[in-house]
Amino acid sequence: MAKVKYYYDADTLSYRKIDVKKSEYYKKTVFGVLAVLLIAFIGFIIFSQFLMSPNERAINRENENLQLNLDLFSKRIAESSAILNQLQERDNNIYRMYFEANPIPNEQRKAGFGGVNRYKSLDGYDNSKMIKQLTKDIDILSKQLVIQSKSLDEIVILAKEKEKMLASIPAILPVKLVDLTRMASGYKWRMHPILKIRKFHKGMDFTAPTGTPIYASGNGKVIRSSRSATYGRVVYIDHGYGYTTIYAHMSKIKAKRGQNVKRGDLIGYVGNTGRSVSAHLHYEVRKNGKALNPINFYYGDLTPAQFAAMQKASEEEGQSYD
Ligand SMILES: [Zn+2]
């Protein structure tokens, strides 16, 4: 309800009504309300700078926690990465080298993932850069772990192969040291006892009584078990990897052709068959058909002192039997 205002007119000596326009009055009212609202709003903004609602406080706390966890997480990744690096070094420089496998180059181990858009979904957040870096680090770590794991699988296979090879290559005396009546006669030039000419002796002679057991010096397959004019009753074992061993002048053969034997298996007995002057075992080690000095193939059996004694005896000029 608008108030009616008057003024005193000196000319007429009477009070007259002031004519206030309605629109002006409304304008004033609206301005007034707006002013109050504006002041209230500014007041609220200023006030809210100093005071946070409990909800905001909770969110802020949570954000701080998350940031802390991210930092911690980042540190843990760096630590894991350092441990993995050590393992990779060992893998390349010890394990792979020992088993004669090529080292895996670092560029291959630590390569990231191609494609610019791989981490695009992580864009547009306050800490996108950090999250992207973390995701990238985890991806590289996972990839390194896969490569390392495959490398170890390969080493297990190589180790098994090496184990098989070590079990196959001749490594023990074919006659027990205690059974020998005389140290072996070696791989050397000597006067042949029957032919009476200088001839190279391609094996070692082990003197032992007839019937003394003879053992396979490595795992392999019997490829010959027969009689020959020179070698008498003889056994040939193929060990794989190019190695063959020959056991000659046996009194009795135990191993059959085609039979798989293990190192230390009984294959026959010492005798004096073929071109031989007395009971002994003539033993040969061949690699790709070429006779090698058997003295180098007893490492599984002899102590260094025994080895030295055997080597000395085998080099001495002495009686040989075939
Ligand atoms: Zn011989």
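Atoms within a ligand are numbered from 1 in the order they appear, just like the ligands themselves.
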> Any link between I267 and Y298 through a network of hydrophobic side chains (Ile, Leu, Val, Met, Phe, Trp, Tyr) touching at under 4.5 Å?
Replying inline: yes
> Is there a path from L292 to I246 through hydrophobic residues (I, L, V, M, F, W, Y) whose side chains come within less than 4.5 Å of each other?
Replying inline: no
> Can we say K254 and D265 salt-bridge, meaning some charged N sits less than 4.0 Å from an Asp/Glu carboxylate O?
Replying inline: no
>> For D123, is there an ion pair with K132 - N to carboxylate O distance below 4.0 angstrom?
In response: yes
>> Would you call the rings of Y299 and F297 parallel, tilted or perpendicular, taking 30° and 60° as the class edges?
In response: tilted
> salt bridge (Lys or Arg N to Asp or Glu O under 4.0 Å) with E100: which residues, sequence neighbours excluded?
Replying inline: K162
> Can you list the protein N, O or S atoms less than 2.8 Å from the Zn ion (ligand 1)?
Replying inline: H201 NE2, D205 OD1, H282 ND1, D322 OD1, D322 OD2
